[in-house]
2 protein chains.
Amino acid sequence: MPTDITSTESQIRDYRLKLGDKIRQVREQRGYSQEQLADMMDINRSTISKIENGKFSITVDYLVRFSISLDYEFKVIER
Amino acid sequence: MPTDITSTESQIRDYRLKLGDKIRQVREQRGYSQEQLADMMDINRSTISKIENGKFSITVDYLVRFSISLDYEFKVIER
DNA sequence: ATTAAACAGCGGGGGCAACGCTATAAATTC
DNA sequence: GAATTTATAGCGTTGCCCCCGCTGTTTAAT
């Protein structure tokens, strides 16, 4: 029996937004602008903006990059 | 100054493989075949095989699906 | 009040990798 | 050796992400 799809989809949406907020929060805590962090991670600045605003679902490769540059351990899903 | 790219890339590759192993480990621990899990997650069975063998980098959306169906909290990156 | 500079949001075209789908072979278990 | 499970390959589609550009907001200096 499949997990309830409606619930799953909303959890996915919720987590995407939560992750964006968390990235922004940690970035600001570290004192980085989007541009500074983008340079450190060697990715595009507008991409960071879109990620922080939950515009799309990033790959784990990129989440690892954030984790390294921000020195922060992300949890999927936080319980 | 950008983070050392060589190191970053190897960490990304390492994590991709570690994540695949972890997914397989938890799946077997739960007693699911790849097909059973694929049905639960409403994704393709061959995709699960490829992910467990680190053939590509999954999106966070999919990691959330795994987390829900396996009832397991993934950490990026584990410290 | 005006200007400049720093920062962030967002739209859109384009390339390519993620993922679906199907089939086949290989491995594992009985 | 049959049945089940898994690996892998090829091809098509979708969407992540790059890259460029413009806008809006804020702050500071003049």
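Convention: sequence-line order gives letters A, B, ...; per-chain numbering from 1.
Put simply, CG on B:D39 and OG on B:S33 are 8.0 Å apart, with the number rounded to the nearest 0.5 Å. Going from atom OG1 of A:T59 over to atom CD1 of B:I58 covers 9.5 Å, rounded to the nearest 0.5 Å. Between atom CD1 of residue A:I68 and atom CD of residue B:Q11 there is a gap of 3.5 Å, rounded to the nearest 0.5 Å. B:I51 CD1 to B:F56 CZ: the interatomic distance, rounded to the nearest 0.5 Å, is 4.5 Å. Between atom CG of residue A:L70 and atom CE of residue A:M41 there is a gap of 7.0 Å, rounded to the nearest 0.5 Å. The OG atom of B:S69 sits 11.0 Å away from atom CD1 of B:I23, with the distance rounded to the nearest 0.5 Å.
Taking a 4.0 Å limit (strictly below) on heavy-atom distances, residues 70-78 of chain B does not reach DNA chain C anywhere. Scanning residues 15-34 of chain A for heavy-atom distances under 4.0 Å to DNA chain C yields A:R24, A:R27, A:S33, A:Q34. Less than 4.0 Å separates DNA chain D from at least one heavy atom of each of the following residues of residues 47-61 of chain A: A:T47, A:K50, A:F56, A:S57, A:I58, A:T59.
Annotation: salt bridge (charged side-chain N to carboxylate O under 4.0 Å, His left out) contacts involving residues 25-38 of chain B, sequence neighbours excluded, comprise B:R27-B:E52.
Evaluation of the ring pair (Phe, Tyr, Trp, His ring centres under 6.0 Å) rule for A:Y32 yields no partner, not counting sequence neighbours. Take B:F74 and apply the ring pair (Phe, Tyr, Trp, His ring centres under 6.0 Å) test, not counting sequence neighbours, and it matches B:Y72. Applying the salt bridge (charged side-chain N to carboxylate O under 4.0 Å, His left out) test to A:D21 and every residue at least two apart in sequence or in another chain returns A:R24. Under the rule for a side chain to side chain donor-acceptor pair (under 3.5 Å), the partners of B:S67 that lie at least two apart in sequence or sit in another chain are A:R79.
B:V60 and A:S57 make their closest contact through N-OG, 3.4 Å (heavy atoms, listed as atom of the first residue, atom of the second, distance).
Annotation: the terminal axes of the helix from C:dA1-D:dT30 to C:dC30-D:dG1 meet at 50°, where each axis is the rotation carrying the C1' atoms of four end pairs onto the next four (5 pairs per end, rounded to 10°).
Heavy-atom contacts of chain B under 4.0 Å fall on DNA chain C between two terminal nucleotides, which in 5' to 3' order are C:dA18 to C:dA23. For DNA chain D, the span of nucleotides reached by chain B at under 4.0 Å from its heavy atoms goes, 5' to 3', from D:dT6 to D:dG10.
Remark: side-chain polar atoms of B:N53 are not paired, donor with acceptor, to backbone N or O of B:K55 under 3.5 angstrom.
Look at A:K22 and A:E78 and you find no salt bridge, because none of the NZ, NE, NH1 or NH2 atoms lies under 4.0 Å from a carboxylate O.
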Donor-acceptor list for residues 12-20 of chain A side chains, cut-off 3.5 Å, not counting sequence neighbours:
{"unit_1": "A:Y15", "atom_1": "OH", "unit_2": "A:K75", "atom_2": "O", "d": "2.7"}
{"unit_1": "A:R16", "atom_1": "NH2", "unit_2": "B:D61", "atom_2": "OD2", "d": "2.8"}

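With respect to A:F66, the side chain to side chain contact (heavy atoms under 4.5 Å, CB included) criterion is satisfied by exactly one of A:V26, A:L37, A:D71: A:L37.
Side-chain contact check for A:E73 versus B:V76: every heavy-atom pair is 4.5 Å or farther apart.
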